[in-house]
2 protein chains.
Amino acid sequence: MKLSSRTRYGMRAILELALEYGKAPLQIKTIAEREDISNKYLEQLIAMLKASGLVRSIRGPRGGYLLAKPPSEIQLKDVFLTLEGPMVPAECLEHPEYCPRCTDCATRQIWQELQNAIFGVLESVTLADLVERSLRSKKTGNYHI
Amino acid sequence: MKLSSRTRYGMRAILELALEYGKAPLQIKTIAEREDISNKYLEQLIAMLKASGLVRSIRGPRGGYLLAKPPSEIQLKDVFLTLEGPMVPAECLEHPEYCPRCTDCATRQIWQELQNAIFGVLESVTLADLVERSLRSKKTGNYHI
DNA sequence: TGATATCCTATTGGCTTAGTAGATTATTAT
DNA sequence: ATAATAATCTACTAAGCCAATAGGATATCA
């Protein structure tokens with residue numbers, strides 16, 4: 001099990017925007033350079049973030065992208081779901097009628113617990129938290145924990 | 001994010017084996033019928049479980065498959081990793097040299113926490129637990145919680 | 001009006017998934 | 001012995017997704 005590049009790149013990109021919150025808009029080109037992501041690909045990822053209302057844009061020269069809300073109001077869950085798509089380990093979690101068998105039920109509970117565990121993490125952290133962590137590790141120079 | 005059919009089917013299949021632990025071997029055909037899975041496909045999934053040592057087989061008539069260890073000694077993590085493959089949200093978790101940038105670090109922590117949360121669930125439950133849950137829900141008839 | 005930067009749509013190669021198909025081998029019961 | 005049974009092995013395939021790449025259109029500022 002692996003996260004898509006979409007999610008990994010996108011998370012890094014929106015963190016860049018969070019780090020610049022309150023300042024001038026950031027351009028795709030800049031983010032792509034800083035994060036070493038293909039310009040054109042990043043364009044699409046940011047479009048997804050914009051479509052879901054997490055990011056807004058300014059066109060033309062001196063334009064770029066801005067966080068649509070304060071970092072403290074954006075949970076990682078929001079970003080994750082936008083990029084990775086719906087978090088449904090098994091269909092029967094959303095549509096119990098898919099689950100006519102008894103033994104399914106026990107496994108179904110597990111998939112439910114897995115989903116809860118993942119959401120637990122992603123809901124407990126906001127972009128503001130990420131910014132704080134990011135600045136702290138920059139200060140101490142401890143890139144790897 | 002969704003689990004593969006491999007993992008969902010395979011987990012149900014090995015649960016069937018756990019439910020029959022100590023009894024006669026279960027045949028592919030039987031499991032496939034009970035769980036409504038393609039015979040031929042299930043064959044391959046069980047082969048994976050056998051290759052990883054969780055299941056053993058007896059060939060010929062009256063043959064079939066058996067759990068290689070008591071259900072209490074098989075964590076769901078073992079089954080999951082066999083079927084779903086290695087759980088590495090991001091490459092930089094295993095190879096920190098992939099992580100030259102500072103902002104990566106904050107996201108990297110998150111992927112680490114996600115991995116821990118998932119493993120936490122999958123390590124805390126064994127097939128014996130699943131069997132117990134399964135029998136209980138069969139008794140009460142509460143298939144959906 | 002030209003430069004800048006977002007926006008939009010289409011296309012692609014490569015990989016994985018979820019099977020299907022068919023033949024082979026080992027074991028048991030008659 | 002032999003026929004039936006059930007696992008084992010290998011190969012193939014259609015469909016879908018991923019991670020880009022490409023090229024042009026549109027809005028905005030100086």
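Chain letters run A, B, ... following the sequence lines, proteins first and then strands; every chain starts at 1.
OP1 or OP2 of C:dA18 has not a single side-chain nitrogen or oxygen of B:S38 nearer than 4.0 Å.
Computed from coordinates, the A:K2 NZ to C:dT16 C1' distance equals 13 Å when rounded to whole Å. If you measure from atom CG of B:L42 to atom P of C:dT20, you get 12 Å, rounded to the nearest angstrom. Atom P of nucleotide C:dA26 and atom NZ of B:K50 are separated by 12 Å, given to the nearest angstrom. Rounded to an integer number of Å, the gap from B:M1 CE to C:dT17 P is 14 Å. As a whole-Å value, the separation of B:Y41 OH from C:dT20 P is 10 Å. The CD1 atom of A:I28 sits 12 Å away from the P atom of C:dC8 (whole-angstrom rounding). When rounded to the nearest whole Å, the span between CG of A:L26 and P of C:dT4 equals 18 Å. Atom CD1 of A:I58 is separated from atom C1' of C:dA5 by 11 Å (rounded to the nearest Å).
Contact record, A:L42 with A:A32: CD2-N, 3.6 Å, taken as the closest heavy-atom pair. Of all heavy-atom pairs spanning A:V121 and B:A117, the tightest one is CG2-CB, 3.7 Å. Between B:L130 and A:A106, the shortest heavy-atom distance links the atoms CD2-O, 3.6 Å.
A search for side-chain contact (heavy atoms from CB on, under 4.5 Å) contacts involving B:L66 returns B:P25, B:R56, B:I58, not counting sequence neighbours. Applying the side-chain contact (heavy atoms from CB on, under 4.5 Å) criterion to B:L122, with sequence neighbours excluded, gives A:I110, A:L114, B:L76, B:K77, B:F80, B:I118. Residues satisfying the side-chain contact (heavy atoms from CB on, under 4.5 Å) criterion with A:A128, sequence neighbours excluded, are A:P71, A:S72, A:T126.
Judged by closest nucleotide on DNA chain C, A:S57 is the one of B:L3 and A:S57 placed further toward the 5' end. Each of B:P61 and B:Y65 lies near DNA chain D, and the nucleotide nearest B:P61 is the one positioned closer to the 5' end.
Of the possible polar contacts, one joining the B:Q115 side chain to the B:M87 backbone as a donor-acceptor pair under 3.5 Å is found. Judged by distance alone, the side chain of B:R34 and the main-chain N or O of B:E16 form no donor-acceptor pair under 3.5 Å.
We find that B:E84 and B:K2 are not joined by a salt bridge, their nearest charged nitrogen and carboxylate oxygen being 4.0 Å or further apart. The existence of a salt bridge linking B:R136 and B:E132 is confirmed by a sub-4.0 Å separation between a basic side-chain nitrogen and an acidic carboxylate oxygen.
Here CD1 of B:I14 is found 11.5 Å from CG of B:L19. Values are rounded to the nearest 0.5 Å.
Contacts between chain A and DNA chain D, taken as any atom within less than 4.0 angstrom of a protein heavy atom, begin and end at D:dC18 to D:dC29.
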Taking only N/O atoms, report every protein-nucleotides 21-24 of chain C pair under 3.5 Å with atom names and distance.
{"from": "C:dG22", "atom 1": "O6", "to": "B:K40", "atom 2": "NZ", "distance (Å)": "2.3"}

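End-to-end axis angle of the helix from C:dT1-D:dA30 to C:dT30-D:dA1, from C1' rotation axes over five pairs per end: 10° (rounded to 10 degrees).
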